[in-house]
Undergrad: 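Submitted below is the structure of interest, expressed as structure tokens.
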Amino acid sequence: MGMEVAAEEEPKKKCRALIFTYGTLKRGFSNHNLIQDLVLTGDAVFRGAYTTSESFPLVCGPYRVPFLLNIPGSGHPVTGELYAVSAYGLSRMDELEGTSRGHYQRLGPIRLTRAAAEEADDEAEAEAESEAEAEAYFADRSYEMELWKKSGKLGFRWYGEKEAKGYVKRKDRPQNLSFLEHIRIFLSSSTDQ
């Protein structure tokens with residue numbers, strides 16, 4: 001399962017798994033509707049903006065899809081959003097991220113610190129939630145090193161409007177190929193798609 005939150009904090013749906021989101025699941029991006037649906041049903045709770053304590057590469061693949069690479073110490077600390085999710089919420093996120101199809105792998109724990117813009121109002125809250133450990137969706141290891149090389153070994157600190165410019169929603173991509181085939185074509189091409 002995911003990293004655990006104290007049971008008494010999220011009693012209704014047992015939102016115990018902590019998931020760090022860094023791309024299209026964040027507020028304002030195309031896949032956030034999944035998180036919104038989970039929040040409405042009590043299967044997810046927003047915990048705040050957090051930054052990885054360690055550096056990781058955050059790069060874009062085909063169609064400007066963001067990928068976090070499990071290469072600790074490379075790239076930059078990455079800023080994203082932390083959510084506590086139920087087992088049902090976790091299964092929905094795994095489905096979206098294609099964990100059973102080799103698109104992403106959910107790994108952890110990764111250490112996080114509260115992002116500067118998300119400072120807590122009182123000392124007790126700041127102390128209690130200034131750090132967290134969570135899981136995140138990383139590019140599948142079968143192609144992560146190729147993505148890192150393709151990016152010129154340069155990554156982003158966050159996935160924002162600038163980084164997402166040119167993003168193509170899943171429904172608008174060619175449907176005759178699997179996402180893994182799109183990744184392989186992207187990696188073998190001489191230019192970014």
Side-chain angles (χ1 to χ4, degrees), residues 2-3 17-35 49-83 85 90 92-112 115 133-175 177-193:
M3 303 309 303
L18 290 177
I19 300 293
F20 176 71
T21 64
Y22 55 83
T24 62
L25 283 169
K26 294 188 316 182
R27 294 172 293 178
F29 290 93
S30 64
N31 288 323
H32 186 67
N33 59 335
L34 171 63
I35 299 286
Y50 281 78
T51 302
T52 61
S53 299
E54 191 167 9
S55 295
F56 289 96
L58 174 59
V59 301
C60 285
Y63 308 109
R64 300 301 292 172
V65 172
F67 292 89
L68 193 61
L69 308 180
N70 190 22
I71 310 171
S74 297
H76 306 281
V78 174
T79 299
E81 297 174 353
L82 182 64
Y83 291 88
V85 299
L90 196 59
R92 292 283 314 279
M93 292 173 81
D94 283 353
E95 181 182 326
L96 176 86
E97 299 293 359
T99 58
S100 66
R101 296 183 305 279
H103 302 171
Y104 290 86
Q105 51 190 349
R106 181 169 35 90
L107 301 173
I110 58 170
R111 293 186 50 167
L112 307 167
E133 286 190 345
E135 290 180 310
Y137 291 96
F138 287 88
D140 190 80
R141 67 179 51 93
S142 67
Y143 58 82
E144 74 182 349
M145 289 306 293
E146 291 176 79
L147 270 177
W148 186 222
K149 289 175 190 168
K150 177 82 172 176
S151 74
K153 296 190 176 182
L154 299 172
F156 308 116
R157 293 180 185 278
W158 61 83
Y159 185 77
E161 284 183 37
K162 177 182 161 193
E163 295 76 21
K165 187 175 172 94
Y167 174 79
V168 178
K169 292 180 181 179
R170 192 174 296 185
K171 67 179 181 61
D172 297 327
R173 298 175 198 155
Q175 300 297 307
L177 299 173
S178 73
F179 189 55
L180 286 177
E181 290 171 313
H182 288 291
I183 291 169
R184 292 286 168 219
I185 291 168
F186 172 80
L187 291 172
S188 65
S189 71
S190 58
T191 60
D192 292 344
Q193 295 178 19

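Just so you know, these numbers use all the heavy atoms, side chains as well, and skip hydrogens, waters and symmetry mates.
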Undergrad: Restricting to non-hydrogen atoms, name the atom on L180 and the atom on Y143 that form the minimum distance, rounded to 0.1 Å.
TA: CD2-CE2, 3.9 Å
Undergrad: To check you understand the geometry: which heavy-atom pair defines the closest contact between A134 and L112, and what is its length?
TA: CB-CD1, 3.8 Å
Undergrad: Does the side chain of L82 come within less than 4.5 Å of L18's, by heavy atoms?
TA: yes
Undergrad: Give the C-alpha distance, both sets of side-chain angles, the deciding distance and a yes or no for side-chain contact (heavy atoms from CB on, under 4.5 Å) between R106 and I19.
TA: CA-CA 9 Å; R106 181 169 35 90; I19 300 293; 3.7 Å; yes
Undergrad: If every non-hydrogen atom of C60 is compared with every non-hydrogen atom of F156, which pair is closest and at what distance?
TA: SG-CE1, 3.6 Å
Undergrad: Only counting residues at least two apart or in another chain, list the ones meeting ring-ring contact (aromatic ring centres under 6.0 Å, His included) with F138.
TA: F56
Undergrad: Partners of R170 by side-chain hydrogen bond (donor to acceptor under 3.5 Å, both in side chains), sequence neighbours excluded?
TA: none
Undergrad: Kindly check if the number of other-residue, nucleotide or ligand heavy atoms within 6.0 Å of CD (Q175) is above 12?
TA: yes
Undergrad: When rounded to the nearest 0.5 angstrom, what distance separates CG in L107 from CG in D140?
TA: 9.0 Å
Undergrad: A side-chain contact here means heavy atoms from C-beta on lying under 4.5 Å apart; do D94 and S100 qualify?
TA: no
Undergrad: Quick check: does any side chain N or O of Q105 sit under 3.5 Å from a backbone N or O of A139, one acting as donor and the other as acceptor?
TA: yes
Undergrad: In the structure I gave you, are the side-chain heavy atoms of L58 and E163 within less than 4.5 Å of one another anywhere?
TA: no
Undergrad: Could you tell me whether the side chain of Y137 and the main chain of G98 form a donor-acceptor pair under 3.5 Å?
TA: no
Undergrad: Going by heavy atoms in the side chains, are T52 and Y22 under 4.5 Å from each other?
TA: no
Undergrad: Hey, does the side chain of Y63 reach the backbone of R173 with a donor-acceptor pair shorter than 3.5 angstrom?
TA: no
Undergrad: Which atom names give the shortest non-hydrogen contact between N31 and L25, and what distance separates them?
TA: O-CD2, 3.4 Å
Undergrad: Please list, chain by chain and in numerical order, all residues satisfying side-chain hydrogen bond (donor to acceptor under 3.5 Å, both in side chains) with Y159, sequence neighbours excluded.
TA: none
Undergrad: Going by salt bridge (Lys or Arg N to Asp or Glu O under 4.0 Å), name the residues that satisfy it together with R101, two or more places apart in sequence or in a different chain.
TA: none
Undergrad: Would you please name every residue forming a salt bridge (Lys or Arg N to Asp or Glu O under 4.0 Å) with E81, sequence neighbours left out?
TA: R27
Undergrad: Can you name the residues that form a salt bridge (Lys or Arg N to Asp or Glu O under 4.0 Å) with E146, not counting sequence neighbours?
TA: R184
Undergrad: Going by the rule side chain to side chain contact (heavy atoms under 4.5 Å, CB included), which residues pair with S151 if we only count those two or more places apart in sequence or in a different chain?
TA: V59, W148
Undergrad: Please, which pairs that meet side-chain hydrogen bond (donor to acceptor under 3.5 Å, both in side chains) have at least one residue in residues 66-79, sequence neighbours excluded?
TA: T51-T79, H76-R157
Undergrad: Hey, are the side chains of P57 and K153 touching, using non-hydrogen atoms and a 4.5 Å cut-off?
TA: no
Undergrad: Quick check for you: to the nearest 0.5 Å, what is the distance between L96 atom CG and T24 atom OG1?
TA: 6.5 Å
Undergrad: So, for Y167 and S30, which heavy atoms are closest and what is the spacing to 0.1 Å?
TA: CE2-OG, 3.2 Å
Undergrad: Output all residues satisfying side chain to side chain contact (heavy atoms under 4.5 Å, CB included) with D172, sequence neighbours left out; order by chain, then residue number.
TA: V168, K169
Undergrad: Does S53 have any side chain to side chain contact (heavy atoms under 4.5 Å, CB included) partners at least two apart in sequence or in another chain, and if so, which?
TA: R111, T113
Undergrad: Closest heavy-atom contact between P77 and S55?
TA: CD-OG, 3.3 Å
Undergrad: Output all residues satisfying side-chain hydrogen bond (donor to acceptor under 3.5 Å, both in side chains) with E54, sequence neighbours left out; order by chain, then residue number.
TA: none
Undergrad: If only atom types and distance count, is the side chain of Y83 paired as donor or acceptor with the main-chain N or O of K26 below 3.5 Å?
TA: no
Undergrad: Checking H182 side chain against G61 main chain: does a donor-acceptor pair fall under 3.5 Å?
TA: no
Undergrad: Tell me every residue that passes ring-ring contact (aromatic ring centres under 6.0 Å, His included) with Y104, counting only those two or more places apart in sequence or in another chain.
TA: F67
Undergrad: Between the side chain of K149 and the main-chain N/O of L187, is any donor-acceptor distance below 3.5 Å?
TA: no
Undergrad: Determine, stepwise, if the pair T99 / M93 fulfils side-chain contact (heavy atoms from CB on, under 4.5 Å).
TA: CA-CA 9 Å; T99 58; M93 292 173 81; over 6 Å; no
